[in-house]
Amino acid sequence: MNTPLNCDAQDMLEAAIVQRRRLNITHQEIAGELATYKKVLPIDITTSNGEEKLTILTTDNQGGILKLALLTNGILSFEAKDFKDPRIHYNKRTAASCDLK
């Protein structure tokens with residue numbers, strides 16, 4: 001499918017989780033369509049069976065809370081729109097990969 005997130009993106013997601021910052025996320029779903037998740041709260045990153053997943057909290061159309069798990073290799077971009085420091089912003093098209101040694 002897609003290449004994994006680079007180290008900087010993973011660090012930014014972990015910072016967003018610890019700081020409880022809401023993100024706008026664009027994600028390529030398994031079937032290929034794009035999904036946009038607005039003002040979601042990331043709560044955890046886990047790895048299971050070789051797949052890394054980001055767990056988020058969001059709301060449905062009736063105001064109920066939904067807990068979703070997104071494959072991190074499908075994340076195309078994310079951004080915290082709160083303008084707090086450090087700035088959390090990632091776009092897969094412009095990001096460089098990191099070397100793990």
- Query: In a check of side-chain contact (heavy atoms from CB on, under 4.5 Å) between Tyr37 and each of Leu23, Asn24, Leu70, Ile75, which one passes?
  - Reply: Leu70
- Message: Can you pull out every salt bridge (Lys or Arg N to Asp or Glu O under 4.0 Å) where at least one residue sits in residues 63-79? Sequence neighbours excluded, please.
- Response: Glu79-Lys81, Glu79-Arg87
- Task: Could you name each residue pair satisfying salt bridge (Lys or Arg N to Asp or Glu O under 4.0 Å) that touches residues 31-46, not counting sequence neighbours?
- Result: none
Got a second to check how far [X]'s [atom1] is from [Y]'s [atom2], nearest 0.5 Å?
| X | Y | atom1 | atom2 | result |
| --- | --- | --- | --- | --- |
| Lys53 | Asn73 | NZ | CG | 11.0 Å |
| Asp11 | Asp8 | CG | CG | 6.0 Å |
| Lys92 | Ser77 | NZ | OG | 10.5 Å |

Determine whether [X] and [Y] make a side-chain contact, defined as any pair of heavy atoms from C-beta on separated by less than 4.5 Å.
| X | Y | value |
| --- | --- | --- |
| Thr36 | Ile25 | no |
| Leu34 | Leu76 | yes |
| Thr26 | Phe78 | no |

Could you list the residues that satisfy side-chain contact (heavy atoms from CB on, under 4.5 Å) with [X], not counting sequence neighbours?
| X | answer |
| --- | --- |
| Ile17 | Pro42, Ile45, Leu54 |
| Gln19 | Ala15, Arg21, Pro86, Ile88 |
| Gln10 | Leu5, Glu52 |
| Asp60 | Gln62, Leu66 |

- Do any pairs count as a ring-ring contact (aromatic ring centres under 6.0 Å, His included) and have a residue in residues 38-57, sequence neighbours left out, and if so which ones?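 Non-adjacent pairs meeting ring-ring contact (aromatic ring centres under 6.0 Å, His included): zero.
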- With a cutoff of under 4.5 Å between side-chain heavy atoms, which Ile, Leu, Val, Met, Phe, Trp and Tyr residues group with Leu57? Leu41, Ile43, Ile65
Please enumerate all residues that pass side chain to side chain donor-acceptor pair (under 3.5 Å) together with [X], with sequence neighbours excluded.
| X | value |
| --- | --- |
| Thr59 | none |
| Arg22 | none |
| Tyr90 | none |

- Message: Using a 3.5 Å distance criterion without hydrogens, assess whether the side chain of Asn49 forms a donor-acceptor pair with backbone atoms of Glu51.
- Response: no
- Message: Keeping His27 on the side-chain end and Thr72 on the backbone end, is there a donor-acceptor pair under 3.5 Å?
- Response: no
